[in-house]
Number of protein chains: 2
Amino acid sequence: MASSLEKAKQNPDSMKAKILTAARKIFGQYGFHGTTTRMIAKAVDIDISTLYYHWGEKGDLYEAVIMDVSEGMRQKLIEVEKIIKGRPLAERIRIAVDEMADYLFEHPEISNLTLFRYFTKTRHGSILDFKVPEYISDIAYSMGLAEDRKNVPADAKMKVLSIMNSIHNFVSGEKFFRPMMKMDREEYIKAAKDTLKFFNLTAFT
Amino acid sequence: MASSLEKAKQNPDSMKAKILTAARKIFGQYGFHGTTTRMIAKAVDIDISTLYYHWGEKGDLYEAVIMDVSEGMRQKLIEVEKIIKGRPLAERIRIAVDEMADYLFEHPEISNLTLFRYFTKTRHGSILDFKVPEYISDIAYSMGLAEDRKNVPADAKMKVLSIMNSIHNFVSGEKFFRPMMKMDREEYIKAAKDTLKFFNLTAFT
DNA sequence: GATTGATTCCATCAATTGATTGATTAATTG
DNA sequence: CAATTAATCAATCAATTGATGGAATCAATC
């Protein structure tokens, strides 16, 4: 059964998909309460009622956005796991950091929305409290921090959380941190990757 | 010259200070756009016009809140720097992590508001684009990552940013991460500190 | 080419939200 | 105590915002 979200993604030129793409970006920049349905509609150059026709109420669109970025992350993690499989740990870390950083710097709204979800309360709590699968245990297993995918020790999960969040921090914080560092975008991405590798390579090798 | 903010803090029982305290908490939970002036007024049990009488427009109150938490951080960092002065590096790290984590877990709105400021756009950009001093260079110097307080290399700043954000992540993410870890609050704080020490001790000693 | 269904927009609602005005009460001062 | 100032609230505004109904347009089907 193809969900409403899956159907929308099938044809990226469909109005439904175009709205989703714009919503990802704007929700990512301004958060749930900072985004109005009119902002999204304007970005797609449609009337706001067209947006409601396709996605229903704001909270439903937001949920679809979260599911969408979450699925993107899942795919990317599977892809990275394939690449690093069998390699020595130091190399696994270097590749994983590079791959994830490149992916997220290219889609910063993923980091933004992820951090938003972690840190922010919404006034409509119950409505937006849908469940999203997290991949912390899988990453821990893939890093060799657990013998068993289903039974990952808490300290390993905490380490993975810390690593993932650190990547998100550099991506989402670019607008704020880069001027502090007086770097151009390329330099900043390089510096972020180096910093991440510095902490993770010394910690795990 | 005592600023409006300083005057408010002189007497914590004053209406102005009570509003500021409530605003800190609520802005920290819901962000700028997720907070209404009515929510704050209700928390203090006053009419909304009383709030406006004391603090003027919403953006001005928000600015005062940011300045307030920023000043709190500055004070705490000075305090920590005094404690760790002269000790060996590993001990400096252990103490600093414990002190900062305890302080922030006690005042989670500081972490919330800091991360909000890093990651979120506000629709009223220009108005809320006031400048707040950051203490990244001071911390880098205090950690021995720079010879000169005024001339801190970029990679050292990036490392400090990463460390500080990691602490904020665990504090602000508690509501989200702790259920994942199935820990009570005490266990979670301990686990967060241990994780932070794990990365930082292996990286710097 | 008429009919049906899907899509889009215009107009509009009711509720919320930031902000103010003016009257009222509480403190302060001479 | 009278007079002035400070603090509070009730009432209200205008603008914004989430959401909808219904007319108009477009596309597919017969």
Side-chain angles (χ1 to χ4, degrees), chain A residues 2 4-5 7-23 26-27 29-66 120-128 130, chain B residues 2 4-5 7-23 26-27 29-66 120-128 130:
Chain A
S4 169
L5 178 64
K7 254 192 281 182
K9 301 289 287 186
Q10 275 170 24
N11 175 11
D13 285 338
S14 72
M15 183 53 70
K16 197 162 183 179
K18 278 201 271 187
I19 296 171
L20 187 73
T21 302
I26 299 177
F27 275 130
Q29 289 176 310
Y30 296 92
F32 181 75
H33 290 298
T35 299
T36 69
T37 49
R38 281 172 177 81
M39 288 164 71
I40 300 169
K42 194 170 184 184
V44 192
D45 199 34
I46 54 170
D47 189 87
I48 156 185
S49 55
T50 302
L51 184 152
Y52 278 89
Y53 171 77
H54 285 286
W55 285 106
E57 64 184 45
K58 185 185 178 186
D60 291 341
L61 175 56
Y62 184 72
E63 177 171 340
V65 164
I66 298 295
T120 308
K121 259 188 180 171
T122 43
R123 264 135 60 192
H124 313 74
S126 49
I127 305 172
L128 299 179
F130 47 88
Chain B
S4 168
L5 178 65
K7 253 192 282 185
K9 301 289 288 187
Q10 276 170 24
N11 175 12
D13 285 337
S14 72
M15 183 52 69
K16 198 163 182 177
K18 277 201 270 186
I19 296 171
L20 187 73
T21 302
I26 299 177
F27 275 130
Q29 290 177 310
Y30 297 92
F32 181 75
H33 289 297
T35 299
T36 69
T37 50
R38 281 172 178 83
M39 287 165 71
I40 300 169
K42 193 171 185 183
V44 192
D45 199 35
I46 54 171
D47 188 89
I48 156 185
S49 55
T50 302
L51 185 151
Y52 278 89
Y53 171 78
H54 284 287
W55 284 107
E57 65 185 47
K58 185 185 176 185
D60 291 342
L61 175 55
Y62 184 72
E63 177 169 341
V65 164
I66 297 294
T120 309
K121 260 189 178 171
T122 43
R123 265 137 58 193
H124 314 72
S126 50
I127 304 171
L128 299 178
F130 46 88

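If you're wondering where the values come from, they're calculated on a predicted model, not measured in any experiment. The sequence lines fix the lettering, A, B, ..., with proteins before strands; numbering per chain opens at 1.
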B/Arg123 has an atom CZ; how far is it from atom C1' of C/dG18, in whole Å? 12 Å

The first and last nucleotides of DNA chain D lying within contact of chain A, meaning any atom under 4.0 Å from one of its heavy atoms, run from D/dT17 to D/dG21

Find the distance between NE2 (B/His124) and CD (B/Glu57) and round it off to the nearest 0.5 Å. 9.0 Å

For A/Asp45 and C/dT8, give me the distance from atom CG to atom P, rounded to whole Å. 12 Å

Considering only nitrogen or oxygen atoms on both sides, find all protein atoms under 3.5 Å from nucleotides 10-13 of chain C and state each distance.
{"residue": "C/dC10", "atom": "N4", "partner": "A/Ser49", "partner atom": "OG", "Å": "2.9"}

Output all residues satisfying ring pair (Phe, Tyr, Trp, His ring centres under 6.0 Å) with B/Tyr62, sequence neighbours left out; order by chain, then residue number. B/Phe27, B/Phe32

Within the 4.0 Å heavy-atom criterion, would you say B/Ser14 contacts the bases, only the backbone, or no part of the nucleic acid? nothing

Quick one: does B/His54's side chain have a donor or acceptor within less than 3.5 Å of a partner on B/Leu20's backbone? no

Could you tell me how far apart B/Ile40 (CD1) and C/dA19 (P) are, to the nearest whole angstrom? 11 Å

Hey, mind stepping through B/Thr35 and B/Tyr30 against side-chain contact (heavy atoms from CB on, under 4.5 Å) and telling me if it holds? CA-CA 6 Å; B/Thr35 299; B/Tyr30 297 92; 3.6 Å; yes

May I ask you to test the B/His33-B/Thr120 pair for a side-chain heavy-atom distance under 4.5 Å? no

Look up atom CG in A/Asn11 and atom NZ in A/Lys18, then write down how far apart they are to the nearest 0.5 Å. 9.5 Å

Rounded off to whole Å, could you give me the NE2-to-P distance for the A/His54 and C/dA6 pair? 12 Å

Side-chain donor-acceptor pairs under 3.5 Å in residues 39-53 of chain A, sequence neighbours left out?
{"residue": "A/Asp47", "atom": "OD2", "partner": "A/Ser49", "partner atom": "N", "Å": "2.8"}
{"residue": "A/Asp47", "atom": "OD2", "partner": "A/Ser49", "partner atom": "OG", "Å": "2.6"}
{"residue": "A/Tyr52", "atom": "OH", "partner": "A/Thr37", "partner atom": "OG1", "Å": "3.4"}

Tell me, please, which residues at least two apart from A/Lys121 pass side chain to side chain donor-acceptor pair (under 3.5 Å). none

How many whole angstroms separate atom OH of B/Tyr53 from atom C1' of C/dA26? 12 Å

What is the bend of the helix from C/dG1-D/dC30 to C/dG30-D/dC1 when you compare the axis at one end with the axis at the other, using five pairs each and rounding to 10°? 10°

Straight-line distance of B/Ile19 CD1 to B/Trp55 CH2, nearest 0.5 Å: 8.0 Å

